[in-house]
Enquirer: 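Structure incoming, see below.
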There are 2 protein chains.
Amino acid sequence: MLDNRKKRILKAIVDEYIGTAEPVSSGSISKKNGIDFSSATIRNEMAELEKTGYLDKPHTSSGRVPSEKGYRLYVDELIKDDNISLEEIKYISSKLETKVNEIEDLTRITASTLSEITHYTAVSIGPKSEIQNIEEVKFVLLGSRMLMAVILTDTGMIKETIIKFNEDITEKQVETLNFIFNNKLKGKPLAEIDTPLEKYIFSQMNYSVAIIRKVIEQIKKVINEQDNKIYLEGAKQVFDLPEFKSLETAKKFINLLDTKEIMLDLLDSGFAQDINVYIGSENSAKELKDFSIVTFKHKIGNKDMGTIGIIGPTRMDYSKVISVLKYISKKLNNKN
Amino acid sequence: MLDNRKKRILKAIVDEYIGTAEPVSSGSISKKNGIDFSSATIRNEMAELEKTGYLDKPHTSSGRVPSEKGYRLYVDELIKDDNISLEEIKYISSKLETKVNEIEDLTRITASTLSEITHYTAVSIGPKSEIQNIEEVKFVLLGSRMLMAVILTDTGMIKETIIKFNEDITEKQVETLNFIFNNKLKGKPLAEIDTPLEKYIFSQMNYSVAIIRKVIEQIKKVINEQDNKIYLEGAKQVFDLPEFKSLETAKKFINLLDTKEIMLDLLDSGFAQDINVYIGSENSAKELKDFSIVTFKHKIGNKDMGTIGIIGPTRMDYSKVISVLKYISKKLNNKN
DNA sequence: TTTTAGCAATCAGATAATGAGAGTGCTAAA
DNA sequence: TTTAGCACTCTCATTATCTGATTGCTAAAA
C-alpha cells in the first residue's frame, strides 16, 4: 500500500504526463503546489514508485512515465469525477436537447458530443436486436412491386426497409401481412422473425411462399445490419495527439477503428456497471494494448439502450472523460 | 506544338513518375522500349520540355517531374482509356449487380468500387432534389402521435422521415394528407413542398395548421439534408501514398475532405461532358491545388443521377481512373 | 531519521561535418 | 543529329560532436 505522499506524487506525475506527454522530472513536481519537497526527495520517492511498478522510465536519464499499474491506481483512487466546466455542461445540455426520432440517433449524438468535448475518438452502437421486442410492424405498398416494411421496437428503434418483387403485390396481400405480423409478433422479441414465422404465415394465407420468404429475409437482413453498425465520431482528432505523430501509428489506429470485430467486441465487453475503463493491455484485443478505452452502456431501467466507447492513448484524460460521461449518464436518465 | 518524339518522352516520364513518385532521370527513360536514344539525347529533349513548361525540376541535379501543363497534355492526348484488366471488369460487374433499392445506394456503391480499384479517395452525392419530381408521397401512422412520411421521386430516390406530434393524429387525417399530397404533387418538382402548399392544405382541410406546418417543415428538412449529404469512401487509402508521408499533409487532406462546402462545390462543378479532370490549380478551390480531381456525373438520358469524384495527388493514375470510369459509365447506362 | 544540496554520469536530440551517389549541362567527337 | 565523357551540383545517409535535461548517489544539514 502506498502512503499518502507517494500517492500525491503519483497523482502529480500522472496529471502532468496527461497534460504534456513528456516524461516528468522530479524538478517539475517539486514545484507543484501541495508538494513542497526538494527534487532530491521527490527523486527518492520516484525511485520507490518505479521499484513497486507504478512508474516507468524510458531511459536512464529521463523523467518518469506512469505504468499501466500507475494509471490503474490513478483511475481507481486518485481522480475526481466532477471535472467538468459550466461551458461543457451547457454544451452537453444543448446537444442532448436535439429532437431525435430514433434511439440510435440519441446514442450517436451522445457519442459525437463526447468526442467533441474530450477530443478523443468515440464509437457507438445502438441497442442489440436480441434484447428488443417488437412494438409494431407496418407494411406499406410503394408502387405495385415495392413494399416497405417498418418495424418499431420497445426501445424506440424504428427501422424501415424496402423489398422489391418481380410480381405485383395487391393491397389485400399487404393488409394480410399487416394483420398477421402484428397479431403474431406484437410484444415478441425481434428474433421471432424467422423461418417458423414464414411457415406459419404460409399456413395462414395462400399466396406465394417466395413473397413471404423475401419479406422475412429482407427484414432479417436489415436487423442484422443494424446490429453490426458502428458509428464513428472524431477519428481525425487523433492527429493532434503527440503519440500519433508517426504516420505508422496513425495508420495503425485508423485501421484498428476499421476492424469491425474488434470494435464490436470492445463495445460488447462492458460489465454491468455503467462506466468501464480498460487501460492498455487490460483490453481483450492485443491490438488495443497501446490504447485506453472507456465504455458506457446507456440504460433505461435495466434495458440496454446502446453503448458508447471512447478510445484514446493510455495517457488519456481519464478524469475529464469519466466526469463528462457521468454527467451525460445522469442527464439521459432524467430525460426519460 | 510538340513533335512526336517529345510527346513520347513526355508520356514516358509521366508514366514513370506516376509509378514511382520519384523525379525521373534521363537514363531511366533511354532504357524504355520504344525510346532508343542515349541519355544525352533525352537530356536535351528534357531541357526543351522544361523550357516550354511541360516539366519541372525540383533542383539542379535532380530528374524531371511533370508540370500541370505536362499532366494536362498527358491527359488530353497521350493516355489510353481502356486501361482496365479482366479482373477489374469482373469485380466491377459483380459489385454493380448488387441489388439496390435507392439511387443513392447505387452512387455510393459505384464510388466505393472505384475507390477500391484505384486506391484513391472517392466522394459522391445523390441527385439534387431540385431536378427531381415527386412520384408518390405516402403517410403512415406509427403509434398515435408519430407519422412517417415516405417520398418517392422519379429518379428513384426514396426518403422517409418521422414526424412526432404532441397531439393524437387520426387515421382520417392521415388519409386526407395522403389524398391531398398525391393529388396536388404527383409529377411536380420536390420544391413544391413549401409554404404555398401548406396554405393550400389548410384551406382544404380544417385541422390544426401546426400539424401541417410540422409535416412540411420536416419533409423540407430531410430533403435539404439529402442534398448536402456527401458520401466518402476510402479516405484512409491516402496513407499509402508517398505524398502523404508527412503527417501535416495527411492532416490537411483529411480536413479538406471534411469541408463540406469545398466537396459540394467540387461535385457540382462538372461540365456537361461525362468525365471531367481537374489538375492541381485548375481546381476552383485553392485548397485543392495540390490534388487532382476526376468527376463523373452519372446520367440516365439527360437526367442527373448523382456525381462521383475521385481525389488523389496530381500524380494520379489518370489512365486507370478514366478507363474504369468509362467502363462503369457504360455499364450503368446499359443497366437502365 | 528525514531532507536536501551538490555533483558526476548518462543519454536523447539537435547540429555540424563528411562522403557517396545520382543526375545534370555542356563540350567535343562520332 | 547523336552520343560519349566529364566536371559540377545537390540530396540524402552516415558519423561525429555538442548541449542540456535528468538521474542516482553521497555527504551534509535539519
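So that the names make sense, note that chain A is the first sequence line, chain B the second, and so on, each numbered from 1. Note that the structure is a prediction, hence the values are computed from the model and not measured.
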Enquirer: If you count every heavy atom of other residues, nucleotides or ligands that lies below 6.0 Å from A:Lys252 atom NZ, does the total exceed 12?
Expert: no
Enquirer: Rounding to a whole Å, what distance do you find between A:Phe37:CZ and D:dA30:C1'?
Expert: 13 Å
Enquirer: Check the phosphate of D:dT1 against B:Thr41, side-chain N and O only, distance under 4.0 Å to OP1 or OP2. Yes or no?
Expert: no
Enquirer: Protein within reach of the bases, or only the backbone? For nucleotides 7-20 of chain D, mark each nucleotide 5' to 3' as B, S or -, using heavy atoms under 4.0 Å.
Expert: --BBS---------
Enquirer: Can you measure B:Lys6 atom NZ to D:dT2 atom P for me and round it to whole angstrom units?
Expert: 10 Å
Enquirer: Using a strict cut-off of less than 4.0 Å between a Lys/Arg side-chain nitrogen and an Asp/Glu carboxylate oxygen, indicate whether B:Lys236 and A:Asp258 qualify as a salt bridge.
Expert: yes
Enquirer: If you measure from the Lys or Arg side-chain nitrogens to the Asp or Glu carboxylate oxygens, is any gap between A:Asp240 and B:Lys251 under 4.0 Å?
Expert: yes
Enquirer: Between B:Lys95 and B:Glu116 (salt bridge meaning N to carboxylate O under 4.0 Å), is one present in this structure?
Expert: yes
Enquirer: Can a donor-acceptor pair be found, under 3.5 Å and without considering hydrogens, that links the side chain of A:Thr113 to the backbone of A:Ile92?
Expert: no
Enquirer: Establish, with yes or no, whether the OP1 or OP2 oxygen of D:dT2 is under 4.0 angstrom from a side-chain nitrogen or oxygen of B:Arg5.
Expert: yes
Enquirer: Strictly under 6.0 Å, is that where the ring centroids of B:Phe239 and B:Phe244 end up?
Expert: no
Enquirer: Check A:Glu77 with A:Lys11, please: is the shortest side-chain N to carboxylate O separation under 4.0 Å?
Expert: no
Enquirer: Can you give the first and last nucleotides of DNA chain C, 5' to 3', that have an atom under 4.0 Å from a heavy atom of chain A?
Expert: C:dT3 to C:dA12
Enquirer: So, A:Asp317 and A:Tyr120: side-chain donor and acceptor under 3.5 Å apart, yes or no?
Expert: no
Enquirer: Could you let me know what C:dT15 is paired to, Watson-Crick or G-U wobble, both distances under 3.5 Å, or none if it's on its own?
Expert: D:dA16
Enquirer: Expressed as a whole number of angstroms, how long is the span from A:Asn44:CG to D:dG24:C1'?
Expert: 9 Å
Enquirer: Output yes when at least one side-chain N/O atom of A:Lys57 is less than 4.0 Å from OP1 or OP2 of D:dG24, else no.
Expert: yes
